[in-house]
2 protein chains.
Amino acid sequence: MTGHNPGMNVTGHTRRPASIRDVATAAGVSYQTVSRVINGHPSVKPSTRERVLAAIDELGFRRNATALALASGRSRAVTVLTANTTHYGYASILQGIEEAARAAAYSVGIGVLESAEEPAVAAEVQRAADTGGGLIVIAYDPAGVRALGAVPAELPVVGVVETPASPPGPCHHTPACPAAPCTHSRRAGRKPEYIQYEGLRPAHREHAPDAAGPALRADDGSVAAGPSGDRPWVWTDDREAAYEATRHLLSLGHETVHYVAIPSSTRRTSARTTGWRQALKEAGAPEPRPVQGSWGPAGGHAAGRRLAEDPAVTAILCGNDDLALGVLRALHEAGRSVPGEVSVAGFDDAPHSAYLTPSLTTVRLDFTGLGRAAFALLHGVLEESAQIAPHPVSVPELVVRESAGPPPARPTRP
Amino acid sequence: MTGHNPGMNVTGHTRRPASIRDVATAAGVSYQTVSRVINGHPSVKPSTRERVLAAIDELGFRRNATALALASGRSRAVTVLTANTTHYGYASILQGIEEAARAAAYSVGIGVLESAEEPAVAAEVQRAADTGGGLIVIAYDPAGVRALGAVPAELPVVGVVETPASPPGPCHHTPACPAAPCTHSRRAGRKPEYIQYEGLRPAHREHAPDAAGPALRADDGSVAAGPSGDRPWVWTDDREAAYEATRHLLSLGHETVHYVAIPSSTRRTSARTTGWRQALKEAGAPEPRPVQGSWGPAGGHAAGRRLAEDPAVTAILCGNDDLALGVLRALHEAGRSVPGEVSVAGFDDAPHSAYLTPSLTTVRLDFTGLGRAAFALLHGVLEESAQIAPHPVSVPELVVRESAGPPPARPTRP
DNA sequence: CTGAAAGCGCTTACAG
DNA sequence: CTGAAAGCGCTTACAG
């Protein structure tokens with residue numbers, strides 16, 4: 001009886017939850033035997049196992065997760081570090097992680113990166129590290145990228161990244177470290193989809209302390225040094241998706257396609273921007289300057305106002321659906337009809353996009369699948385026994401709706 | 001050296017994080033003294049405190065949260081139980097909770113109630129209880145309401161509820177339990193907003209084991225037996241907000257207002273439905289049957305199609321903005337102009353609502369403020385020292401935009 | 001197959 | 001003001 005937590009109250013009901021000692025007493029065995037039973041240890045006589053199980057049931061025993069974590073050093077917990085929890089993509093990734101974590105009996109915590117400043121990010125990473133378990137960081141923005149970089153090497157982490165550090169290609173297994181398994185890039189269908197690189201298991205880290213491990217060695221033998229360092233990651237091929245969307249707009253007859261960009265995770269140009277640019281180049285279309293947007297509709301609205309002033313603009317690709325919503329609104333305010341005069345396409349296929357007027361042509365991305373894949377990867381790093389089942393993430397898919405069509409019959413440009 | 005966690009690696013760097021014993025050795029004191037320093041205990045000689053602090057800094061010591069939780073029984077953690085993490089209201093409440101929790105150095109976990117079936121809900125509550133700390137349950141739907149009801153009495157929990165169990169009114173302090181403080185209902189401004197009832201602190205629970213504690217005794221002395229039982233809760237006054245929105249539509253000249261409902265948290269009619277009905281009654285307007293919707297735009301679309309067929313319908317209030325989006329789309333498909341022929345109003349003021357065409361008249365609700373308030377309340381229950389600062393949640397506010405206007409000059413009804 | 005010991009990293013009384 | 005002891009509820013070797 002420690003005073004602050006008496007075992008019983010006046011009515012004689014147990015107050016403090018039953019411990020393995022309570023179960024042991026009830027079953028007439030030592031508490032070590034109870035431990036064996038709850039851990040599925042094979043060497044327990046069936047009859048005593050029965051008695052223990054009965055006692056567990058009777059007392060409503062639940063193993064104390066805190067004590068388990070302290071004694072064993074493992075914690076069956078994952079915390080998600082992210083700059084945002086409400087935008088469609090972020091929220092869906094979080095949802096996918098939670099789903100998979102729940103299925104694996106992991107608890108999931110979240111930590112929001114409110115600032116992208118280095119000290120604040122470091123503090124948030126520390127906080128997450130303090131709670132124990134593994135980390136998943138959504139590195140779609142500068143705060144996330146910095147957080148991923150600030151994770152101490154000994155912590156198990158997987159990044160959800162915008163672009164892998166190295167061009168995707170088959171892994172080169174390093175003979176020097178035979179114990180480090182390497183998951184080859186997996187592609188579902190023809191198109192590149194997402195690639196899982198399995199990081200080195202903690203036990204083998206010491207064999208390959210250099211920044212770019214074997215999993216990061218690209219096709220051509222060059223060593224990548226991207227934002228995600230040597231940590232395992234998952235991603236969707238945004239570049240490819242933007243490429244397809246731009247080609248679709250071009251195929252409708254537009255001379256070129258303007259682009260309203262989401263903020264990039266790094267100083268360099270984003271994957272979506274790259275894909276858009278590539279399609280333009282291949283088609284020999286003029287390449288307008290991308291308009292910088294934000295994440296929300298307000299940014300799209302501002303960008304749309306500027307674009308609406310230029311009569312030469314007949315097609316606009318937006319970095320996400322919220323941006324597209326703002327663009328649509330700005331075009332409406334400017335009296336330019338969609339898709340009659342201007343075509344608009346988005347990115348993500350957020351839940352509201354199908355119900356807009358006009359409904360939005362966009363690219364569907366499987367964010368929840370991405371979240372599940374991220375967890376599966378982390379799970380594999382955390383538990384030797386957990387096998388990383390190939391976790392399919394569906395390929396980005398162009399969804400054609402009302403907001404994009406052929407350009408005006410008689411071009412408005414002089 | 002336990003084998004699975006050696007203190008050092010080959011290069012001589014510390015692998016295992018520093019413990020208070022390491023700090024004690026470095027500072028030349030006992031580890032109990034280190035404990036005193038990190039806990040801000042007053043009786044430590046300034047000079048030794050200095051030395052300890054220096055050692056802490058040098059070793060990069062961070063107190064192990066798991067050990068702290070096990071030894072002290074307190075855990076500075078909150079887990080949020082919710083049926084959904086992506087809808088605007090739910091996601092925003094979660095955001096508010098996380099914000100406040102982070103400021104208080106609490107970790108936040110989430111558990112999704114995927115099913116509303118009793119066994120699944122109970123299992124999820126158990127899982128959340130296992131992780132330790134306090135609970136916040138979003139009880140806007142049957143799954144959440146059941147979860148709130150399934151929380152064991154000894155666990156600290158606050159509910160975010162649709163409607164308080166009893167009509168809001170001043171608390172009746174119970175002289176029999178003088179130690180149980182009771183926070184009086186707080187109103188910001190004229191309109192009812194949200195009320196915080198502070199539950200009994202754990203230490204005093206035994207004095208009032210009856211289901212309805214003093215905090216639940218309503219104005220008239222009747223004892224409430226609502227969905228949230230005797231737990232503290234927070235809420236926004238949806239009834240009042242729906243009442244105002246309906247009155248606004250009526251004031252525009254509509255003969256009556258149709259209603260597309262979100263699912264209710266209980267079998268009884270929802271707070272929003274009640275407010276709508278009350279406004280109609282007061283105005284002597286005919287009361288159409290509410291159309292049952294879901295949470296998303298698809299439900300609104302289905303409801304909108306039916307309402308579009310009835311030429312007598314000139315005004316539609318929707319249970320949330322996503323529903324309104326679907327209704328808007330259905331009206332457009334049916335060739336009925338908004339607001340020319342039909343007026344539409346939503347609920348929530350989701351981020352996209354201002355950018356729709358027509359932009360949506362709606363009621364702005366402060367969900368993040370509600371989340372912060374929920375955490376503040378829990379914090380007060382968890383820590384004697386934590387003072388529950390009056391945590392203002394802004395009053396629901398009608399936002400008038402383009403989607404609602406006067407009815408057609410010549411009524412379309414026969 | 002099962003029990004007794006030591007330990008995970010802390011805190012909380014209890015001594016001095 | 002500071003140290004030595006016992007304990008939180010488990011697990012992991014170590015005996016038998």
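In what follows, chains are A, B, ... by sequence order, proteins preceding strands, each numbered from 1.
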Check the distance between [N]'s [atom2] and [X]'s [atom1] and give it to me in whole angstrom.
X	N	atom1	atom2	value
Glu50(B)	dT2(D)	CD	P	12 Å
Ile38(A)	dT12(D)	CD1	P	11 Å
Arg36(A)	dC10(D)	CZ	C1'	14 Å
Arg63(B)	dC8(C)	CZ	P	19 Å
Asp22(A)	dG7(D)	CG	P	15 Å
Tyr31(A)	dA13(D)	OH	C1'	13 Å
Leu70(A)	dT11(D)	CG	P	11 Å
Ile20(A)	dT2(C)	CD1	C1'	14 Å

In terms of side-chain heavy atoms of [X], which of [options] is nearest?
X	options	result
Gln32(A)	dG9(D), dC1(C), dG3(C)	dG3(C)
Leu68(B)	dT2(D), dT11(C), dT2(C)	dT11(C)
Phe61(A)	dC10(D), dT12(C), dG9(C)	dC10(D)
Ser35(A)	dA6(D), dG3(D), dT12(D)	dT12(D)

Phosphate contact ([N] OP1 or OP2) by [X] side-chain N/O below 4.0 Å:
X	N	answer
Arg74(B)	dT12(C)	yes
Thr33(A)	dG3(C)	yes
Thr48(B)	dC1(D)	no
Asn64(A)	dC8(D)	no

Please answer whether the main-chain N or O of [Y] pairs with a side-chain N or O of [X] as donor and acceptor at a distance below 3.5 Å.
X	Y	value
Arg76(A)	Ala104(A)	yes
Arg127(B)	Tyr106(A)	yes
Arg74(B)	Leu68(B)	no
Arg21(B)	Tyr31(B)	no

Counting only Watson-Crick pairs (N1-N3 plus N6-O4 or O6-N4) and G-U wobbles (N1-O2, O6-N3), all under 3.5 Å, who is the partner of dA13(D)?
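Partner of dA13(D): none found under 3.5 Å.
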Heavy atoms only, 4.0 Å cut-off, all strands: where does [X] land among base, sugar-phosphate and nothing?
X	answer
Thr66(B)	nothing
Arg49(B)	nothing
Ser43(A)	base

Which comes earlier along DNA chain D counting from the 5' end, the contact point of Ala67(B) or that of Ser47(B), where each point is its nearest nucleotide?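 Looking at DNA chain D, the more 5' nearest nucleotide goes with Ser47(B).
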